[in-house]
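In what follows, a structure is listed as structure tokens, so that the remarks can point back to it.
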Amino acid sequence: MTFQEIIEEDIEDVFFSDFAETHNVDGTDKTVLIGNLENRDRETHRITEQVRGVYVKEIGFYIKPSDLEALPIVGRKMKFDGQTYLVQDAVNENGLYFIRLGGARH
């Protein structure tokens with residue numbers, strides 16, 4: 001067994017079975033890991049005050065590539081738990097997609 005295969009097995013057996021939550025992504029319930037964005041200079045579920053009283057909510061999560069048709073394109077609309085956001089960042093990290101969504105609120 002290769003090191004990459006061991007990592008992939010651990011992701012499935014440990015992280016997704018022990019820490020994952022069900023959230024609705026684009027109209028379908030998916031198993032995701034809400035990401036800890038502090039190490040990325042981002043924050044999960046961050047609400048910050050912006051110019052003229054507009055607030056931006058951000059959500060970051062990991063999802064298995066098999067649960068999406070493709071890695072989302074930055075700028076595309078994506079629904080998460082019934083709320084519409086724009087994809088701010090989307091990367092493949094060691095066999096998992098990390099997606100950061102953001103949306104403005106007034």
Side-chain angles (χ1 to χ4, degrees):
M1 181 176 279
T2 67
F3 182 69
Q4 184 63 33
E5 290 171 335
I6 293 169
I7 290 174
E8 289 172 5
E9 189 174 287
D10 282 348
I11 287 170
E12 183 68 33
D13 293 343
V14 177
F15 294 108
F16 274 89
S17 64
D18 293 343
F19 303 109
E21 305 169 357
T22 301
H23 290 273
N24 192 282
V25 179
D26 278 342
T28 306
D29 287 344
K30 302 287 184 182
T31 303
V32 303
L33 292 167
I34 299 299
N36 179 352
L37 303 177
E38 292 173 5
N39 294 332
R40 306 167 172 279
D41 294 328
R42 307 173 194 141
E43 298 174 5
T44 304
H45 293 291
R46 180 178 72 160
I47 300 177
T48 57
E49 187 169 356
Q50 302 293 323
V51 180
R52 297 188 188 115
V54 175
Y55 293 84
V56 176
K57 180 174 181 180
E58 289 185 340
I59 297 171
F61 64 95
Y62 291 91
I63 189 167
K64 293 183 275 186
S66 60
D67 284 342
L68 293 178
E69 292 179 18
L71 186 65
I73 297 170
V74 172
R76 125 188 216 302
K77 290 182 180 178
M78 180 177 264
K79 286 195 171 193
F80 189 88
D81 288 340
Q83 297 287 330
T84 302
Y85 298 92
L86 292 178
V87 175
Q88 303 294 318
D89 192 20
V91 294
N92 185 336
E93 291 187 357
N94 299 315
L96 283 180
Y97 289 166
F98 176 79
I99 300 169
R100 181 172 54 98
L101 304 175
R105 293 188 170 183
H106 302 283

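Computed from a predicted model, the values in this text were never measured in an experiment. Counting begins at 1 with the first residue of the sequence.
- For the pair Q88 and L101, the tightest heavy-atom approach, listed with the atom from each and the gap, is CG-C, 3.9 Å.
- Of the possible donor and acceptor atoms, none in the side chain of N92 sits under 3.5 Å from a partner among the backbone N and O of Y97.
- Under a hydrophobic-cluster definition in which Ile, Leu, Val, Met, Phe, Trp and Tyr are linked whenever side-chain heavy atoms come within less than 4.5 Å, directly or via other members, L71 and F80 are assigned to the same cluster.
- Around CD of E21, the count of heavy atoms belonging to other residues, nucleotides or ligands within 6.0 Å exceeds 12.
- Looking at L68, L33, T31 one by one, the single match for side-chain contact (heavy atoms from CB on, under 4.5 Å) with I63 turns out to be L68.
- Side-chain contact, N24 with D81: no donor N or O sits under 3.5 Å from an acceptor N or O.
- Linking ILVMFWY residues whenever their side-chain heavy atoms come closer than 4.5 Å, directly or via other members, places F19 and L96 in the same cluster.
- With a 4.5 Å cut-off on side-chain heavy atoms, D29 and H23 do not count as touching.
- Both I34 and I99 sit in one connected hydrophobic cluster of ILVMFWY residues. Membership requires side-chain heavy atoms under 4.5 Å apart, directly or through other members.
- When every heavy atom of P72 is checked against every heavy atom of V87, the shortest pair comes out as CB-CG2, 4.0 Å.
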